[in-house]
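Working notes for the structure below.
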Amino acid sequence: MGNSHDQLPAPNDTVDIRLISSESNWIEGAAIQQLQKTAELNGMRAVAGMPDLHPGRGYPIGAAFFSVGKIYPALVGNDIGCGMSFWQTTLKLSKLKLDKLAKSLSDIEQPLSEDWDEEVRDGKIGKNILNDEFDRSLGTIGGGNHFAEFQAIDRIENQALFEEAELNKNFTYLLVHSGSRGLGQSILSEHVTQHNHNGLQESCDDFSAYMAKHDEAVRWAELNRELIARRFMQAVRCEGRPILDVNHNLVSPVEVSGSTGWLHRKGATPSDNGLVIIPGSRGDYSYLVKPVEETAHRSLFSLAHGAGRKWARGDCKARLDKRFSSEDLLRTKLGSRVICGDKELLYDEAPEAYKRCDDIIQSLIDEGLIEVVARLRPVLTFKTQGRCDK
DNA sequence: ATGTGC
């Protein structure tokens with residue numbers, strides 16, 4: 001069974017460090033070092049690296065961290081509430097025209113027009129969002145690894161679960177990956193200005209102040225993904241229904257092995273909240289999976305949030321520009337189309353920069369953490385068009 | 001990651 005479920009050397013005997021990974025799944029050493037370093041933080045009781053673990057700025061991405069008495073906002077990072085929203089649309093797959101689809105998305109990055117005012121207002125009231133500083137970003141996906149992707153059901157892996165979720169392979173699906181944009185960033189900046197990377201004691205005022213803002217950013221990110229999805233569906237003239245919406249960057253109260261504390265997730269998909277999507281790169285399959293309840297504690301109630309980076313951002317262009325022109329990168333091996341106006345990003349997010357999603361999924365299966373419902377194939381991936389002045 | 005920064 002390879003090194004799956006390995007116990008790694010811990011800084012002291014009270015911290016449980018584990019790595020969810022099979023032999024076929026490569027994980028960068030630097031990421032494991034970061035995971036071990038994070039386990040040394042005061043109050044930390046358990047950390048778990050997911051199969052997509054990779055190095056971040058000081059702390060690893062693709063991991064869950066359980067602490068008691070303290071939280072660490074820097075572990076969650078700036079994109080509080082970032083996650084995946086998955087929709088079944090009414091668009092018949094057989095009637096899909098890629099050129100037409102691509103054309104209809106020309107205006108999709110501008111701030112929402114006044115036509116959306118009522119929906120935005122109602123959405124904010126419904127989710128108790130009072131902040132209005134970043135209203136102009138609501139309904140926009142942003143940059144980095146964020147995207148919106150039309151997908152097709154490529155293979156049904158579990159017919160019973162597929163039917164239970166009331167899915168239909170004749171229709172097109174929409175996957176949205178985005179977060180809290182400038183709002184989460186402003187919350188982390190404020191915290192770091194006051195406290196550096198120190199944690200916040202549960203009893204202090206700044207703790208509850210941070211949590212209140214964090215929770216609002218999580219709701220903001222959820223509303224953002226819904227508005228993005230509705231906007232895309234309106235642009236391509238269809239309707240749809242939400243299948244799931246799951247955050248992979250957040251901190252929430254939890255009980256682990258009888259202790260009450262806080263679970264930080266940084267690029268870690270909750271496995272205690274129904275079906276989830278584990279997306280591959282834009283040139284790879286994504287998987288709709290059902291977390292196994294009985295084993296969820298083994299991975300701190302978390303799963304991988306994607307295929308995981310193989311190469312650091314910024315290294316990608318130099319590694320790929322001899323092999324691929326930027327035009328080449330607008331199509332993938334799976335026959336899907338890519339819309340992205342930012343050339344650097346086109347390389348940074350190339351399929352080659354990510355691991356095979358299959359290896360990630362296999363690691364989770366080996367560990368008994370998931371059942372695969374269906375495999376999805378990308379049809380068209382929309383990413384940022386870059387800055388207007390470029 | 002960032003209504004990014006020189």
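Computed from a predicted structure; not experimentally measured. Residue numbers begin at 1 in each chain, while the letters A, B, ... track the order of the sequences.
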Length of the line joining [X]:[atom1] and [N]:[atom2], which is rounded to integer Å:
X      : N     : atom1 : atom2 : answer
A:I80  : B:dT2 : CD1   : P     : 12 Å
A:L183 : B:dG3 : CG    : P     : 10 Å
A:L227 : B:dG3 : CG    : C1'   : 16 Å
A:N78  : B:dG3 : CG    : C1'   : 15 Å
A:L188 : B:dT4 : CG    : P     : 17 Å
A:D348 : B:dT4 : CG    : C1'   : 14 Å
A:N131 : B:dG3 : CG    : P     : 12 Å
A:R136 : B:dT2 : CZ    : P     : 15 Å

Which part of the nucleic acid does [X] contact within heavy-atom distance under 4.0 Å: base, sugar-phosphate only, or nothing?
X      : result
A:G142 : sugar-phosphate
A:E133 : base
A:G143 : sugar-phosphate
A:G77  : nothing

NZ or CZ of A:R241 within 45° of A:W87 ring axis and under 6.0 Å: no
Using ring pair (Phe, Tyr, Trp, His ring centres under 6.0 Å) as the criterion, point out the one residue from A:Y210, A:F207, A:Y72 that pairs with A:W262. A:F207
Can any side-chain N or O of A:D348 pair as donor or acceptor with the backbone N or O of A:G314 at less than 3.5 Å? yes
Check this for me, if you would: do A:K317 and A:E344 make a salt bridge, where the nitrogen-to-carboxylate-oxygen distance has to be below 4.0 angstrom? no
